[in-house]
Amino acid sequence: MNFKKYLYNVALFATVLLLTSWSEPKKPKMDLLNEAILPKPVSVIASGSSFEINAKTKIFVNGESEELLKIGHYLANLIKPASGFNLKVRSTLKPPSSNSIYLLISDLEPEFGLEGYKLIITDKNVSIIANSPAGIFRGIQTLRQILPKEIEAATKQKKSWFIATGEIHDYPQYEYRGAMLDVSRHFFSAEEVKKYIDMLAAYKLNVLHLHLSDDQGWRIEIKSWPNLTKHGGSTQIGGGKGGFYAQEEYKEIIQYALDRYITIIPEIDMPGHTNAALASYPELNCNGIAPELYTGNKVGFSTLCTHKENTYQFVRDVIRELAEITPGPYIHIGGDESHVTKLEDYIPFINKVQDIVLANGKIMIGWDEIAHAELKTNTIIQFWARLENAQKGVSKNAKVILSPSNKTYLDMKYDSVTKLGLKWAGYIEVDDAYSWNPSTLIPGIYKRDILGIESPLWTETITNMKELEFMVFPRIIGHAEIGWTPDSSRDWNDYKVRLKKHSERLKIKGINYYASDVIFKDEPELQE
Ligand code: TNX
(Lines give C-alpha, C1' and ligand atoms only; values in the text may rest on other atoms or scores of the structure.)
Protein backbone atom coordinates (compact mmCIF):
# COMPACT_ATOMS: atom_id res chain seq x y z
CA MET A 1 0.00 0.00 0.00
CA ASN A 2 1.44 3.37 -0.92
CA PHE A 3 1.49 6.23 1.51
CA LYS A 4 -1.38 8.09 -0.18
CA LYS A 5 -3.60 5.08 -0.01
CA TYR A 6 -2.59 4.57 3.59
CA LEU A 7 -3.54 8.14 4.48
CA TYR A 8 -6.80 7.71 2.60
CA ASN A 9 -7.61 4.56 4.59
CA VAL A 10 -6.80 6.20 7.87
CA ALA A 11 -9.03 9.15 7.00
CA LEU A 12 -11.85 6.83 5.94
CA PHE A 13 -11.57 4.82 9.12
CA ALA A 14 -11.60 7.95 11.25
CA THR A 15 -14.66 9.28 9.44
CA VAL A 16 -16.57 6.05 9.87
CA LEU A 17 -15.65 5.98 13.52
CA LEU A 18 -16.76 9.56 13.97
CA LEU A 19 -20.00 9.02 12.09
CA THR A 20 -20.95 5.90 14.01
CA SER A 21 -20.21 7.56 17.31
CA TRP A 22 -22.33 10.52 16.25
CA SER A 23 -25.28 8.50 15.10
CA GLU A 24 -25.16 6.17 18.10
CA PRO A 25 -24.29 8.35 21.09
CA LYS A 26 -22.86 6.35 23.94
CA LYS A 27 -25.44 5.36 26.55
CA PRO A 28 -24.34 6.56 29.97
CA LYS A 29 -23.48 3.85 32.46
CA MET A 30 -26.09 3.76 35.19
CA ASP A 31 -26.74 1.57 38.21
CA LEU A 32 -30.30 0.45 38.89
CA LEU A 33 -29.31 -0.37 42.47
CA ASN A 34 -28.80 3.35 43.13
CA GLU A 35 -32.43 4.17 42.51
CA ALA A 36 -34.66 4.91 45.52
CA ILE A 37 -37.72 2.75 44.91
CA LEU A 38 -40.58 2.97 47.42
CA PRO A 39 -41.95 0.50 48.38
CA LYS A 40 -38.76 -1.51 48.02
CA PRO A 41 -39.11 -4.25 45.36
CA VAL A 42 -38.67 -7.95 46.08
CA SER A 43 -35.57 -8.14 43.87
CA VAL A 44 -33.46 -5.83 41.72
CA ILE A 45 -30.64 -6.88 39.39
CA ALA A 46 -28.61 -4.12 37.74
CA SER A 47 -26.91 -4.47 34.34
CA GLY A 48 -25.00 -1.20 34.26
CA SER A 49 -26.20 0.48 31.07
CA SER A 50 -29.12 2.76 30.28
CA PHE A 51 -32.20 3.24 28.11
CA GLU A 52 -33.34 6.62 26.90
CA ILE A 53 -36.97 7.57 26.54
CA ASN A 54 -37.16 10.11 23.70
CA ALA A 55 -39.80 11.66 21.48
CA LYS A 56 -39.77 8.59 19.22
CA THR A 57 -40.22 5.96 21.93
CA LYS A 58 -43.45 4.04 21.43
CA ILE A 59 -45.62 2.34 23.99
CA PHE A 60 -46.87 -1.07 22.80
CA VAL A 61 -49.43 -3.29 24.46
CA ASN A 62 -49.92 -6.92 23.52
CA GLY A 63 -53.24 -7.64 21.85
CA GLU A 64 -56.23 -5.38 21.41
CA SER A 65 -57.13 -5.13 25.10
CA GLU A 66 -58.91 -1.84 25.76
CA GLU A 67 -57.81 -2.03 29.36
CA LEU A 68 -54.12 -2.30 28.47
CA LEU A 69 -54.43 0.51 25.93
CA LYS A 70 -55.93 2.65 28.68
CA ILE A 71 -52.94 1.86 30.91
CA GLY A 72 -50.64 2.68 27.98
CA HIS A 73 -52.26 6.10 27.72
CA TYR A 74 -51.99 6.55 31.48
CA LEU A 75 -48.22 6.00 31.11
CA ALA A 76 -47.98 8.36 28.13
CA ASN A 77 -49.81 11.01 30.17
CA LEU A 78 -47.43 10.55 33.11
CA ILE A 79 -44.45 11.16 30.87
CA LYS A 80 -45.93 14.01 28.85
CA PRO A 81 -45.94 17.16 31.02
CA ALA A 82 -42.26 17.13 32.01
CA SER A 83 -40.82 15.66 28.79
CA GLY A 84 -43.10 17.32 26.30
CA PHE A 85 -43.25 13.95 24.48
CA ASN A 86 -46.49 12.73 23.03
CA LEU A 87 -45.65 9.03 23.06
CA LYS A 88 -47.71 6.90 20.69
CA VAL A 89 -49.64 3.99 22.19
CA ARG A 90 -50.22 1.00 19.89
CA SER A 91 -51.28 -2.61 20.14
CA THR A 92 -49.11 -5.35 18.68
CA LEU A 93 -49.08 -9.14 18.41
CA LYS A 94 -45.31 -9.60 18.35
CA PRO A 95 -42.56 -8.21 20.58
CA PRO A 96 -41.77 -4.70 19.32
CA SER A 97 -38.38 -3.65 17.97
CA SER A 98 -36.11 -1.16 19.70
CA ASN A 99 -37.01 2.13 21.42
CA SER A 100 -40.23 0.85 22.90
CA ILE A 101 -41.97 0.30 26.20
CA TYR A 102 -43.88 -2.97 25.99
CA LEU A 103 -46.77 -3.80 28.34
CA LEU A 104 -47.43 -7.53 28.24
CA ILE A 105 -49.82 -9.87 30.02
CA SER A 106 -48.30 -13.31 30.41
CA ASP A 107 -48.26 -16.19 32.89
CA LEU A 108 -45.82 -15.35 35.67
CA GLU A 109 -45.04 -17.60 38.63
CA PRO A 110 -47.93 -17.78 41.14
CA GLU A 111 -46.20 -15.62 43.75
CA PHE A 112 -46.61 -12.64 41.40
CA GLY A 113 -50.38 -12.87 41.91
CA LEU A 114 -52.66 -10.17 40.54
CA GLU A 115 -50.42 -7.22 41.35
CA GLY A 116 -46.88 -8.49 40.81
CA TYR A 117 -44.80 -7.59 37.76
CA LYS A 118 -41.43 -7.98 36.09
CA LEU A 119 -39.81 -4.81 34.83
CA ILE A 120 -37.05 -5.56 32.35
CA ILE A 121 -34.91 -2.71 31.03
CA THR A 122 -32.24 -3.25 28.36
CA ASP A 123 -30.44 -0.54 26.42
CA LYS A 124 -32.98 -1.12 23.62
CA ASN A 125 -36.34 -1.66 25.30
CA VAL A 126 -38.41 -1.60 28.44
CA SER A 127 -40.93 -4.38 29.16
CA ILE A 128 -43.42 -4.68 31.96
CA ILE A 129 -44.85 -8.17 32.26
CA ALA A 130 -47.64 -9.20 34.66
CA ASN A 131 -50.41 -11.73 35.19
CA SER A 132 -53.02 -8.99 35.07
CA PRO A 133 -53.44 -5.31 34.19
CA ALA A 134 -53.18 -4.34 37.87
CA GLY A 135 -49.63 -5.71 37.89
CA ILE A 136 -48.73 -3.67 34.80
CA PHE A 137 -50.10 -0.59 36.56
CA ARG A 138 -47.99 -1.25 39.67
CA GLY A 139 -44.92 -1.79 37.45
CA ILE A 140 -45.49 1.60 35.83
CA GLN A 141 -45.20 3.22 39.27
CA THR A 142 -41.75 1.65 39.61
CA LEU A 143 -40.73 2.81 36.13
CA ARG A 144 -41.85 6.29 37.15
CA GLN A 145 -39.59 6.23 40.21
CA ILE A 146 -36.49 5.26 38.21
CA LEU A 147 -36.97 8.03 35.66
CA PRO A 148 -35.10 11.25 36.54
CA LYS A 149 -36.91 13.04 39.36
CA GLU A 150 -37.85 15.95 37.07
CA ILE A 151 -40.40 13.62 35.43
CA GLU A 152 -42.72 14.70 38.27
CA ALA A 153 -42.67 18.33 37.14
CA ALA A 154 -45.89 19.80 35.79
CA THR A 155 -44.13 21.76 33.04
CA LYS A 156 -41.64 20.89 30.30
CA GLN A 157 -38.05 20.35 31.48
CA LYS A 158 -34.84 20.66 29.41
CA LYS A 159 -33.45 17.20 30.06
CA SER A 160 -32.79 13.81 28.61
CA TRP A 161 -34.64 10.88 30.11
CA PHE A 162 -32.25 8.01 30.78
CA ILE A 163 -33.08 5.09 33.04
CA ALA A 164 -30.76 2.43 34.39
CA THR A 165 -30.93 -1.06 32.87
CA GLY A 166 -31.63 -4.24 34.79
CA GLU A 167 -34.47 -6.42 35.97
CA ILE A 168 -36.94 -5.99 38.81
CA HIS A 169 -39.20 -8.76 40.13
CA ASP A 170 -41.85 -7.56 42.49
CA TYR A 171 -45.11 -8.49 44.22
CA PRO A 172 -46.89 -7.49 47.45
CA GLN A 173 -46.65 -9.10 50.86
CA TYR A 174 -50.30 -8.26 51.75
CA GLU A 175 -53.29 -8.14 49.44
CA TYR A 176 -54.90 -5.16 51.25
CA ARG A 177 -52.92 -1.92 51.40
CA GLY A 178 -55.16 0.96 52.24
CA ALA A 179 -55.69 4.52 53.34
CA MET A 180 -58.78 5.98 55.00
CA LEU A 181 -60.01 9.54 54.61
CA ASP A 182 -62.56 11.04 57.00
CA VAL A 183 -64.65 13.39 54.84
CA SER A 184 -67.24 13.84 57.57
CA ARG A 185 -65.44 15.96 60.18
CA HIS A 186 -64.16 18.20 57.39
CA PHE A 187 -65.44 17.74 53.89
CA PHE A 188 -63.07 17.12 50.96
CA SER A 189 -64.43 17.63 47.43
CA ALA A 190 -64.52 14.89 44.78
CA GLU A 191 -61.63 16.66 42.99
CA GLU A 192 -59.55 16.61 46.18
CA VAL A 193 -60.31 12.94 46.75
CA LYS A 194 -59.11 12.21 43.20
CA LYS A 195 -55.86 14.06 43.91
CA TYR A 196 -55.44 11.92 47.00
CA ILE A 197 -56.09 8.78 44.95
CA ASP A 198 -53.24 9.76 42.61
CA MET A 199 -50.90 10.21 45.57
CA LEU A 200 -51.82 6.77 46.92
CA ALA A 201 -51.46 5.05 43.54
CA ALA A 202 -47.82 6.20 43.33
CA TYR A 203 -46.96 3.91 46.26
CA LYS A 204 -48.96 0.91 45.03
CA LEU A 205 -51.75 1.24 47.60
CA ASN A 206 -54.94 -0.47 46.45
CA VAL A 207 -57.72 0.64 48.82
CA LEU A 208 -59.23 3.99 49.74
CA HIS A 209 -61.73 3.71 52.58
CA LEU A 210 -64.01 6.76 52.73
CA HIS A 211 -65.50 7.57 56.14
CA LEU A 212 -68.73 9.00 54.71
CA SER A 213 -70.80 9.69 57.81
CA ASP A 214 -70.24 10.76 61.38
CA ASP A 215 -71.73 13.06 63.99
CA GLN A 216 -70.61 16.15 62.10
CA GLY A 217 -71.76 15.34 58.58
CA TRP A 218 -73.45 12.92 56.19
CA ARG A 219 -71.56 13.02 52.87
CA ILE A 220 -73.20 10.60 50.44
CA GLU A 221 -76.52 11.19 48.70
CA ILE A 222 -79.17 8.61 49.67
CA LYS A 223 -82.13 9.18 47.36
CA SER A 224 -84.71 7.55 49.64
CA TRP A 225 -83.63 9.68 52.64
CA PRO A 226 -82.77 13.04 51.02
CA ASN A 227 -82.55 15.06 54.23
CA LEU A 228 -79.40 13.14 55.23
CA THR A 229 -77.33 15.27 52.89
CA LYS A 230 -79.62 18.29 52.61
CA HIS A 231 -79.57 18.95 56.35
CA GLY A 232 -77.06 16.41 57.70
CA GLY A 233 -74.40 17.33 55.15
CA SER A 234 -74.73 21.09 55.47
CA THR A 235 -72.03 21.77 58.06
CA GLN A 236 -68.74 20.47 59.43
CA ILE A 237 -66.50 20.93 62.46
CA GLY A 238 -66.13 24.61 63.29
CA GLY A 239 -69.52 25.39 61.71
CA GLY A 240 -68.27 25.93 58.14
CA LYS A 241 -70.15 24.83 55.05
CA GLY A 242 -70.03 21.06 54.71
CA GLY A 243 -70.79 19.25 51.48
CA PHE A 244 -71.60 15.83 50.08
CA TYR A 245 -71.13 13.66 47.00
CA ALA A 246 -74.11 13.25 44.70
CA GLN A 247 -74.32 9.58 43.68
CA GLU A 248 -73.12 10.46 40.16
CA GLU A 249 -70.08 12.22 41.62
CA TYR A 250 -69.35 9.27 43.89
CA LYS A 251 -69.47 6.96 40.87
CA GLU A 252 -66.88 9.18 39.18
CA ILE A 253 -64.60 8.86 42.21
CA ILE A 254 -65.02 5.08 42.04
CA GLN A 255 -64.15 4.98 38.34
CA TYR A 256 -61.13 7.24 38.87
CA ALA A 257 -59.93 4.89 41.59
CA LEU A 258 -60.67 1.79 39.51
CA ASP A 259 -58.56 3.17 36.67
CA ARG A 260 -55.70 3.20 39.18
CA TYR A 261 -56.53 -0.29 40.52
CA ILE A 262 -57.78 1.14 43.81
CA THR A 263 -60.96 -0.14 45.46
CA ILE A 264 -63.18 2.39 47.23
CA ILE A 265 -64.67 1.12 50.49
CA PRO A 266 -67.59 3.24 51.69
CA GLU A 267 -68.19 3.49 55.43
CA ILE A 268 -71.47 4.46 57.05
CA ASP A 269 -70.69 4.53 60.76
CA MET A 270 -73.39 3.09 63.10
CA PRO A 271 -75.03 2.78 65.59
CA GLY A 272 -72.82 5.50 67.17
CA HIS A 273 -71.28 8.45 65.32
CA THR A 274 -74.73 9.19 63.88
CA ASN A 275 -75.68 12.67 65.06
CA ALA A 276 -75.90 14.00 61.48
CA ALA A 277 -78.50 11.32 60.61
CA LEU A 278 -80.34 11.76 63.92
CA ALA A 279 -80.53 15.52 63.30
CA SER A 280 -81.97 14.93 59.83
CA TYR A 281 -84.74 12.46 60.78
CA PRO A 282 -86.45 12.69 64.20
CA GLU A 283 -87.91 9.18 63.78
CA LEU A 284 -84.43 7.63 64.12
CA ASN A 285 -84.26 8.89 67.74
CA CYS A 286 -85.74 6.88 70.62
CA ASN A 287 -87.48 10.03 71.91
CA GLY A 288 -88.60 11.08 68.42
CA ILE A 289 -86.86 14.44 68.74
CA ALA A 290 -84.10 15.49 66.32
CA PRO A 291 -80.99 16.93 67.99
CA GLU A 292 -79.17 20.00 66.64
CA LEU A 293 -76.42 19.56 64.06
CA TYR A 294 -73.07 19.09 65.80
CA THR A 295 -69.93 21.05 64.90
CA GLY A 296 -67.62 20.16 67.82
CA ASN A 297 -65.12 17.32 68.00
CA LYS A 298 -66.32 15.09 70.82
CA VAL A 299 -66.97 11.39 70.10
CA GLY A 300 -69.22 8.69 71.54
CA PHE A 301 -72.42 10.59 72.42
CA SER A 302 -74.89 9.51 69.71
CA THR A 303 -76.73 6.31 68.83
CA LEU A 304 -79.41 5.14 66.45
CA CYS A 305 -82.45 3.78 68.29
CA THR A 306 -81.76 0.06 68.07
CA HIS A 307 -85.31 -0.93 69.14
CA LYS A 308 -87.20 0.83 66.38
CA GLU A 309 -88.25 -0.83 63.14
CA ASN A 310 -87.73 2.55 61.44
CA THR A 311 -84.04 2.27 62.16
CA TYR A 312 -83.77 -0.99 60.23
CA GLN A 313 -85.77 0.42 57.31
CA PHE A 314 -83.22 3.24 57.28
CA VAL A 315 -80.26 0.84 57.41
CA ARG A 316 -81.76 -1.35 54.65
CA ASP A 317 -82.30 1.64 52.36
CA VAL A 318 -78.87 3.12 52.98
CA ILE A 319 -77.01 -0.17 52.48
CA ARG A 320 -79.08 -1.04 49.39
CA GLU A 321 -78.39 2.29 47.69
CA LEU A 322 -74.74 2.19 48.68
CA ALA A 323 -74.32 -1.39 47.43
CA GLU A 324 -75.91 -0.41 44.11
CA ILE A 325 -73.30 2.25 43.41
CA THR A 326 -70.32 0.37 44.88
CA PRO A 327 -68.75 -2.21 42.55
CA GLY A 328 -66.13 -3.26 45.15
CA PRO A 329 -66.83 -6.23 47.43
CA TYR A 330 -66.85 -4.39 50.79
CA ILE A 331 -69.13 -2.17 52.87
CA HIS A 332 -67.80 -0.78 56.15
CA ILE A 333 -70.41 -0.25 58.86
CA GLY A 334 -68.24 1.45 61.47
CA GLY A 335 -69.44 0.11 64.80
CA ASP A 336 -66.80 1.97 66.86
CA GLU A 337 -67.15 3.98 70.04
CA SER A 338 -70.87 3.39 70.55
CA HIS A 339 -70.48 4.52 74.16
CA VAL A 340 -74.17 5.30 74.64
CA THR A 341 -75.47 2.04 73.14
CA LYS A 342 -75.84 -0.77 75.69
CA LEU A 343 -73.86 -3.91 74.78
CA GLU A 344 -77.09 -5.94 74.86
CA ASP A 345 -78.49 -3.59 72.19
CA TYR A 346 -75.25 -3.24 70.26
CA ILE A 347 -74.75 -6.96 69.58
CA PRO A 348 -78.15 -7.68 67.98
CA PHE A 349 -77.90 -4.42 66.05
CA ILE A 350 -74.56 -5.40 64.47
CA ASN A 351 -75.91 -8.91 63.78
CA LYS A 352 -78.88 -7.47 61.90
CA VAL A 353 -76.76 -4.99 59.97
CA GLN A 354 -74.42 -7.82 59.00
CA ASP A 355 -77.39 -9.75 57.54
CA ILE A 356 -78.41 -6.67 55.56
CA VAL A 357 -74.91 -6.22 54.14
CA LEU A 358 -74.76 -9.91 53.20
CA ALA A 359 -78.23 -9.76 51.62
CA ASN A 360 -76.86 -7.01 49.38
CA GLY A 361 -74.04 -9.26 48.24
CA LYS A 362 -71.26 -7.44 50.08
CA ILE A 363 -68.64 -8.37 52.66
CA MET A 364 -68.96 -6.45 55.93
CA ILE A 365 -66.06 -4.65 57.57
CA GLY A 366 -66.34 -3.05 61.00
CA TRP A 367 -64.00 -1.48 63.58
CA ASP A 368 -62.69 -3.94 66.17
CA GLU A 369 -65.67 -3.51 68.54
CA ILE A 370 -67.81 -5.61 66.18
CA ALA A 371 -65.89 -8.67 67.43
CA HIS A 372 -68.55 -8.77 70.20
CA ALA A 373 -71.21 -9.70 67.64
CA GLU A 374 -71.76 -13.05 65.88
CA LEU A 375 -69.39 -12.71 62.97
CA LYS A 376 -70.32 -14.63 59.84
CA THR A 377 -67.92 -16.10 57.31
CA ASN A 378 -65.90 -13.41 55.48
CA THR A 379 -66.73 -10.56 57.88
CA ILE A 380 -63.59 -8.50 58.49
CA ILE A 381 -62.58 -6.56 61.56
CA GLN A 382 -60.40 -3.48 61.49
CA PHE A 383 -58.11 -3.33 64.50
CA TRP A 384 -57.49 0.18 65.84
CA ALA A 385 -57.53 0.08 69.63
CA ARG A 386 -58.11 -3.12 71.59
CA LEU A 387 -55.92 -6.17 71.19
CA GLU A 388 -58.60 -8.33 72.87
CA ASN A 389 -61.13 -7.32 70.23
CA ALA A 390 -58.78 -8.26 67.42
CA GLN A 391 -58.03 -11.60 69.12
CA LYS A 392 -61.71 -12.25 69.72
CA GLY A 393 -62.44 -11.52 66.06
CA VAL A 394 -59.74 -13.91 64.89
CA SER A 395 -61.07 -16.62 67.27
CA LYS A 396 -64.37 -16.18 65.42
CA ASN A 397 -62.51 -16.75 62.12
CA ALA A 398 -62.54 -13.16 60.97
CA LYS A 399 -59.64 -11.74 58.98
CA VAL A 400 -58.10 -8.54 60.31
CA ILE A 401 -57.08 -5.22 58.78
CA LEU A 402 -54.42 -3.61 60.96
CA SER A 403 -54.72 0.09 61.75
CA PRO A 404 -52.92 0.31 65.09
CA SER A 405 -53.61 3.85 66.26
CA ASN A 406 -50.10 4.32 67.68
CA LYS A 407 -48.46 3.45 64.33
CA THR A 408 -50.87 4.17 61.49
CA TYR A 409 -53.11 7.04 62.65
CA LEU A 410 -52.12 9.86 60.34
CA ASP A 411 -53.97 12.38 62.51
CA MET A 412 -51.53 11.82 65.39
CA LYS A 413 -48.92 14.56 65.82
CA TYR A 414 -45.31 13.78 64.84
CA ASP A 415 -44.03 15.26 68.08
CA SER A 416 -44.90 17.82 70.76
CA VAL A 417 -44.48 20.80 68.44
CA THR A 418 -46.65 19.58 65.55
CA LYS A 419 -49.44 22.14 65.25
CA LEU A 420 -52.04 19.96 63.55
CA GLY A 421 -53.44 16.69 64.79
CA LEU A 422 -54.33 14.92 68.01
CA LYS A 423 -52.16 12.99 70.46
CA TRP A 424 -54.38 10.56 72.33
CA ALA A 425 -52.59 7.55 70.79
CA GLY A 426 -49.14 9.13 71.22
CA TYR A 427 -46.78 10.97 68.91
CA ILE A 428 -45.90 9.10 65.72
CA GLU A 429 -42.54 10.11 64.24
CA VAL A 430 -41.63 8.97 60.73
CA ASP A 431 -39.51 6.12 62.13
CA ASP A 432 -42.26 4.98 64.54
CA ALA A 433 -44.66 4.76 61.62
CA TYR A 434 -42.18 2.57 59.71
CA SER A 435 -40.59 0.34 62.32
CA TRP A 436 -43.10 -2.41 63.11
CA ASN A 437 -44.21 -5.71 61.64
CA PRO A 438 -47.85 -6.63 61.11
CA SER A 439 -47.33 -10.31 61.87
CA THR A 440 -45.75 -9.74 65.31
CA LEU A 441 -47.94 -6.85 66.45
CA ILE A 442 -50.69 -8.76 68.25
CA PRO A 443 -50.02 -11.94 70.26
CA GLY A 444 -51.83 -14.87 68.63
CA ILE A 445 -52.45 -13.08 65.33
CA TYR A 446 -50.36 -14.35 62.46
CA LYS A 447 -49.77 -13.45 58.86
CA ARG A 448 -52.51 -15.84 57.70
CA ASP A 449 -55.08 -13.88 59.78
CA ILE A 450 -54.07 -10.52 58.37
CA LEU A 451 -55.63 -9.13 55.21
CA GLY A 452 -53.36 -6.11 55.25
CA ILE A 453 -52.87 -2.67 56.75
CA GLU A 454 -54.62 0.67 56.48
CA SER A 455 -53.65 4.23 57.42
CA PRO A 456 -56.61 6.35 58.58
CA LEU A 457 -56.66 10.12 58.42
CA TRP A 458 -59.29 11.47 60.82
CA THR A 459 -59.96 15.10 60.07
CA GLU A 460 -61.07 16.81 63.27
CA THR A 461 -58.09 19.17 62.88
CA ILE A 462 -57.39 18.76 59.16
CA THR A 463 -59.24 21.26 57.01
CA ASN A 464 -57.58 21.32 53.55
CA MET A 465 -55.23 19.49 51.18
CA LYS A 466 -52.04 21.20 52.36
CA GLU A 467 -52.77 20.09 55.93
CA LEU A 468 -53.71 16.63 54.72
CA GLU A 469 -50.40 16.31 52.85
CA PHE A 470 -48.43 17.44 55.89
CA MET A 471 -49.91 14.72 58.11
CA VAL A 472 -49.92 11.98 55.46
CA PHE A 473 -46.44 12.50 53.98
CA PRO A 474 -44.08 10.92 54.45
CA ARG A 475 -45.61 8.50 56.99
CA ILE A 476 -47.91 6.78 54.52
CA ILE A 477 -44.97 5.88 52.28
CA GLY A 478 -43.60 3.81 55.17
CA HIS A 479 -46.97 2.13 55.61
CA ALA A 480 -47.07 1.38 51.89
CA GLU A 481 -43.71 -0.34 52.23
CA ILE A 482 -44.86 -2.35 55.26
CA GLY A 483 -47.83 -3.60 53.25
CA TRP A 484 -45.85 -4.40 50.10
CA THR A 485 -42.26 -5.38 50.96
CA PRO A 486 -41.39 -8.62 52.77
CA ASP A 487 -40.57 -7.93 56.46
CA SER A 488 -37.18 -9.60 55.98
CA SER A 489 -36.01 -6.98 53.46
CA ARG A 490 -37.21 -3.94 55.38
CA ASP A 491 -34.78 -1.89 57.41
CA TRP A 492 -35.14 1.65 58.76
CA ASN A 493 -31.59 2.74 57.92
CA ASP A 494 -31.95 1.63 54.33
CA TYR A 495 -35.48 3.06 54.05
CA LYS A 496 -34.39 6.38 55.50
CA VAL A 497 -31.79 6.88 52.75
CA ARG A 498 -34.32 6.07 50.03
CA LEU A 499 -36.94 8.33 51.59
CA LYS A 500 -34.52 11.24 51.79
CA LYS A 501 -33.71 10.88 48.09
CA HIS A 502 -37.37 10.45 47.24
CA SER A 503 -38.28 13.65 49.10
CA GLU A 504 -36.87 15.59 46.14
CA ARG A 505 -39.68 14.12 44.06
CA LEU A 506 -42.26 15.12 46.66
CA LYS A 507 -40.85 18.63 46.43
CA ILE A 508 -41.15 18.68 42.63
CA LYS A 509 -44.71 17.34 42.89
CA GLY A 510 -45.51 20.18 45.29
CA ILE A 511 -46.52 17.85 48.13
CA ASN A 512 -46.35 19.63 51.48
CA TYR A 513 -44.55 16.85 53.36
CA TYR A 514 -43.17 17.00 56.89
CA ALA A 515 -39.36 17.30 56.66
CA SER A 516 -38.64 15.35 59.81
CA ASP A 517 -35.29 15.57 61.61
CA VAL A 518 -35.17 11.79 61.74
CA ILE A 519 -34.65 11.84 57.97
CA PHE A 520 -32.94 15.13 57.27
CA LYS A 521 -30.72 15.77 60.25
CA ASP A 522 -27.37 14.15 59.51
CA GLU A 523 -25.75 11.94 62.08
CA PRO A 524 -22.88 13.75 63.86
CA GLU A 525 -19.62 13.41 61.88
CA LEU A 526 -17.18 10.87 63.27
CA GLN A 527 -14.07 12.54 64.72
CA GLU A 528 -10.81 11.59 62.95
C1 TNX B 1 -61.13 7.44 67.21
S2 TNX B 1 -60.64 5.23 65.33
C3 TNX B 1 -62.16 7.29 66.31
C4 TNX B 1 -62.55 8.43 65.47
C5 TNX B 1 -61.77 9.67 65.79
C6 TNX B 1 -60.33 9.30 66.02
C7 TNX B 1 -59.44 10.48 66.23
C8 TNX B 1 -62.11 5.10 65.48
C9 TNX B 1 -62.65 3.87 64.99
N10 TNX B 1 -62.77 6.10 66.05
O11 TNX B 1 -63.93 8.67 65.60
O12 TNX B 1 -61.89 10.55 64.74
O13 TNX B 1 -60.25 8.46 67.12
O14 TNX B 1 -58.11 10.11 66.27
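One-based numbering, in listed order, for ligands and for the atoms of each. In this chain, numbering begins with 1 at the start of the sequence shown. Keep in mind that this is a model prediction, so the values were computed, not measured.
Atom 3 (C) of ligand 1 has Glu337 OE1, 3.2 Å as its closest protein atom, hydrogens excluded (heavy atom only). Atom 12 (O) of ligand 1 has its closest protein heavy atom at Glu460 OE2, 2.6 Å. Of all protein heavy atoms, the one closest to atom 10 (N) of ligand 1 is Asp336 OD2, 2.9 Å. For atom 7 (C) of ligand 1, the nearest protein heavy atom (residue, atom name, distance) is Asp411 OD2, 3.3 Å. Among protein heavy atoms, the minimum distance from atom 11 (O) of ligand 1 is reached at Arg185 NH2, 3.0 Å.
With hydrogens and angles left out, the side-chain atoms of Thr326 and Tyr250 include a donor and acceptor closer than 3.5 Å. For the residue pair Tyr414 / Asp432, no side-chain donor-acceptor distance below 3.5 Å is found, with atom types taken as modelled. Between the side chains of Gln313 and Arg316, at least one donor N or O sits under 3.5 Å from an acceptor N or O. Checking Gln247 against Glu321 by side-chain atom types alone, a donor-acceptor pair falls below 3.5 Å. With 3.5 Å as the limit, one finds a donor-acceptor pair spanning the side chains of Asn437 and Arg490.
Neither the backbone nor the side chain of Asp182 comes within 4.0 Å of ligand 1, counting heavy atoms alone.
Between Trp492 and Tyr434, the ring planes are tilted. Angles from 30° to 60° get that label. Taking the six-membered ring where tryptophan is involved, the planes of Trp436 and His479 are perpendicular, since the angle between them exceeds 60° and thus also 30°.
Of all the atoms in ligand 1, the ones that sit under 4.0 Å from a non-hydrogen atom of Leu422 are 7 (C), 14 (O).
Assignment of Met412 to the shell around ligand 1 is supported, since a heavy atom sits closer than 4.0 Å.
With distances taken over non-hydrogen atoms, the option nearest atom 2 (S) of ligand 1 out of Trp367, Tyr409, Trp424 is Tyr409.
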